[in-house]
Number of protein chains: 2
Amino acid sequence: MSERRARASTVDKRNRLLDATEEIMLRDGYAAVSSRSVAARVGINPPLVHYYFATIDDLFVAVLRRRSLRNVARMAEALAAAEPLTQWWRLASDPRGSALFIELIAAANHRPALRAEVGEVAREVREMQIERLRSLLPEYGIDPEAIAPALVAAAMQGLAFGLVQDQGAGYDTATADAAAGMNRLLSRLEQRRAAAVSGS
Amino acid sequence: MSERRARASTVDKRNRLLDATEEIMLRDGYAAVSSRSVAARVGINPPLVHYYFATIDDLFVAVLRRRSLRNVARMAEALAAAEPLTQWWRLASDPRGSALFIELIAAANHRPALRAEVGEVAREVREMQIERLRSLLPEYGIDPEAIAPALVAAAMQGLAFGLVQDQGAGYDTATADAAAGMNRLLSRLEQRRAAAVSGS
DNA sequence: CCAAAGTTAGAACGATTGTTCAAACTTTTC
DNA sequence: GAAAAGTTTGAACAATCGTTCTAACTTTGG
């Protein structure tokens with residue numbers, strides 16, 4: 001029952017394949033990911049990609065898993081930080097991270113194996129955010145009855161994705177104004193919360 | 001200089017090709033659009049698609065143009081309606097329309113010819129919305145200095161896209177709660193505006 | 001009715017895709 | 001050092017893609 005262990009170069013190569021896949025997704029879109037393109041970027045032969053990831057679906061799923069593990073942890077940290085909404089926004093509007101997730105979501109739309117994984121990550125993160133917002137919104141002076149936690153969470157996500165997408169594509173949709181407006185709104189909210197918390 | 005006119009069946013066939021393309025995009029994603037798949041759905045031979053649309057890029061651009069012409073007009077109507085924000089939201093959160101635009105945006109990410117067109121439509125619509133919000137926000141009791149018009153516009157768009165995307169993909173991200181929350185918020189805002197306008 | 005223009009069918013091209021297979025090479029284990 | 005397992009290579013497969021070409025067919029204008 002003593003299983004032979006994988007060689008040191010293998011686990012490293014798996015990571016290099018995932019890195020290469022992410023880079024291709026960010027540069028040319030998920031549609032440009034293929035056994036050949038990934039292999040070329042890492043400097044190996046195309047069929048070898050299938051040695052490490054049996055199918056291209058498995059490759060996408062692995063990219064999602066590695067990325068979302070980091071991201072779920074970071075989101076938990078942000079929600080527990082001193083200025084939760086600001087930290088959340090900073091994480092959500094990170095260009096690289098969001099652009100990659102946008103590509104993964106787009107890819108998942110016609111890759112059932114990916115879709116299930118993306119759905120699970122989305123559900124987990126959203127649940128975490130909504131749960132935190134329940135106690136957080138009142139601290140920011142927002143009535144959860146007037147502005148529902150689920151609405152705030154969906155708006156944060158949608159807004160961040162929209163800005164990253166438009167900015168990345170070079171669309172002239174006043175993204176700078178929107179981002180500046182968001183930052184003003186956030187600092188005002190954080191001030192309000194700081195005052196309320198210190199005064200209680 | 002008397003140019004021979006196209007036959008009656010031609011303009012009809014162009015529209016049927018665009019219809020088929022939209023249906024394929026909604027059902028299987030933009031990546032499933034090809035000369036063959038579109039031709040099969042219309043019941044003609046693949047090369048004939050290229051007789052009507054020289055390249056697949058031209059086909060996508062034509063789909064975008066036809067759709068956005070309707071959409072820009074509808075958005076202008078919504079912004080001029082009795083309950084502008086509600087009408088805007090109803091238009092933005094229309095599942096079919098938004099799902100199609102999401103596919104077009106995704107396709108544009110690696111089709112330069114499409115990207116320019118999508119960018120122009122996005123810019124035009126956003127400009128229209130922001131301009132309208134400048135006078136509209138105060139009527140809703142919102143200070144444009146506190147919540148920037150560009151931020152509201154981007155949030156509306158991002159929120160709608162996010163909800164349609166998650167709902168279409170079947171992701172369990174509390175979309176029903178968010179949509180219900182949005183409707184409550186909207187009706188409250190419309191009430192506030194109606195009171196302010198009638199009282200002035 | 002006939003020539004010109006618009007439309008369609010069919011075959012075919014080169015390129016790319018995911019994946020498989022058998023054979024070779026390399027490292028580990030005993 | 002030999003056997004076994006892990007790794008890599010190279011060739012090849014069937015399928016799909018966008019697109020082009022030529023020849024045929026159909027409608028229109030005069």
Side-chain angles (χ1 to χ4, degrees), chain A residues 1-18 20-21 24-25 27-63 103 106-115, chain B residues 1-18 20-21 24-25 27-63 103 106-115:
Chain A
M1 208 50 183
S2 68
E3 293 194 350
R4 190 75 67 91
R5 70 171 169 221
R7 302 176 194 167
S9 63
T10 289
V11 54
D12 171 64
K13 199 157 292 171
R14 271 186 66 97
N15 276 325
R16 281 200 295 147
L17 284 171
L18 295 181
T21 304
I24 292 171
M25 292 180 78
R27 181 198 297 265
D28 306 315
Y30 74 89
V33 172
S34 70
S35 341
R36 269 98 172 171
S37 66
V38 174
R41 189 166 249 279
V42 175
I44 62 176
N45 285 348
L48 194 49
V49 174
H50 290 284
Y51 176 75
Y52 289 95
F53 301 95
T55 69
I56 297 296
D57 274 325
D58 293 331
L59 179 59
F60 278 119
V61 167
V63 167
E103 289 295 328
N109 277 342
H110 31 276
R111 288 179 176 271
L114 236 193
R115 170 149 35 180
Chain B
M1 207 51 182
S2 67
E3 292 192 351
R4 193 74 69 91
R5 70 171 169 224
R7 298 178 198 168
S9 64
T10 291
V11 55
D12 171 66
K13 199 157 293 171
R14 272 186 64 99
N15 275 324
R16 281 200 296 149
L17 284 171
L18 295 181
T21 304
I24 293 171
M25 291 179 78
R27 181 197 297 265
D28 307 314
Y30 74 89
V33 173
S34 72
S35 341
R36 269 101 172 169
S37 66
V38 174
R41 189 166 248 279
V42 175
I44 61 177
N45 285 348
L48 195 50
V49 173
H50 291 284
Y51 176 75
Y52 290 95
F53 302 95
T55 70
I56 297 295
D57 274 324
D58 292 332
L59 179 59
F60 278 119
V61 167
V63 167
E103 288 295 329
N109 277 344
H110 31 278
R111 288 179 176 271
L114 236 194
R115 170 149 34 180

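This is a predicted model, so every value here is computed, not measured.
- Across B:Leu59, B:Ile56, B:Val42, a single residue satisfies side-chain contact (heavy atoms from CB on, under 4.5 Å) together with B:Thr21, and that is B:Leu59.
- Interatomic distance, A:Glu103 CD to A:Asp28 CG, rounded to the nearest 0.5 Å: 9.5 Å.
- Relative orientation of the A:Tyr30 and B:His110 rings is perpendicular, given thresholds of 30° and 60° on the angle between their planes.
- Between the B:Ser37 side chain and the B:Ala32 main chain, a donor and an acceptor come within less than 3.5 Å of each other.
- Protein atom CD1 of A:Ile44 is 7 Å distant from nucleotide atom P of D:dT9, rounded to whole Å.
- Between B:Asp12 atom CG and D:dT27 atom C1' the separation is 16 Å, expressed in whole Å.
- Contact annotation: A:Asn45 side-chain N/O to D:dG10 OP1/OP2 distance is under 4.0 Å.
- Between A:Arg36 and A:Val49 there is no side-chain heavy-atom pair separated by less than 4.5 Å.
- A:Phe53 is not listed as a side-chain neighbour of A:Val61, based on a closest heavy-atom distance of 4.5 Å or more.
- One interatomic measurement links the two molecules: CG of A:Asp28 to C1' of C:dT16, which rounds to 15 Å at whole-angstrom precision.
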**Fill in**
Heavy-atom contacts, protein to nucleotides 13-21 of chain D, under 4.0 Å, summarised as B (base), S (sugar-phosphate only) or - (none) per nt, yield ----BBBB-
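- OP1 and OP2 of C:dT20 both lie 4.0 Å or more from every side-chain N or O belonging to A:Tyr51.
- Taken over five-pair windows at either terminus, the axes of the helix from C:dA15-D:dT16 to C:dC30-D:dG1 are inclined to one another by 10° (rounded to 10 degrees).
- For A:Lys13, no side-chain nitrogen or oxygen approaches OP1 or OP2 of D:dT7 to under 4.0 Å.
- Looking only at side-chain heavy atoms (C-beta outward), B:Ile44 and B:Leu17 come within less than 4.5 Å of each other.
- A donor-acceptor contact shorter than 3.5 Å links the side chain of B:Asp58 to the backbone of B:Thr55.
- Across the protein-nucleic acid pair, A:Phe60 atom CZ and C:dG18 atom C1' stand 12 Å apart, rounded to whole Å.
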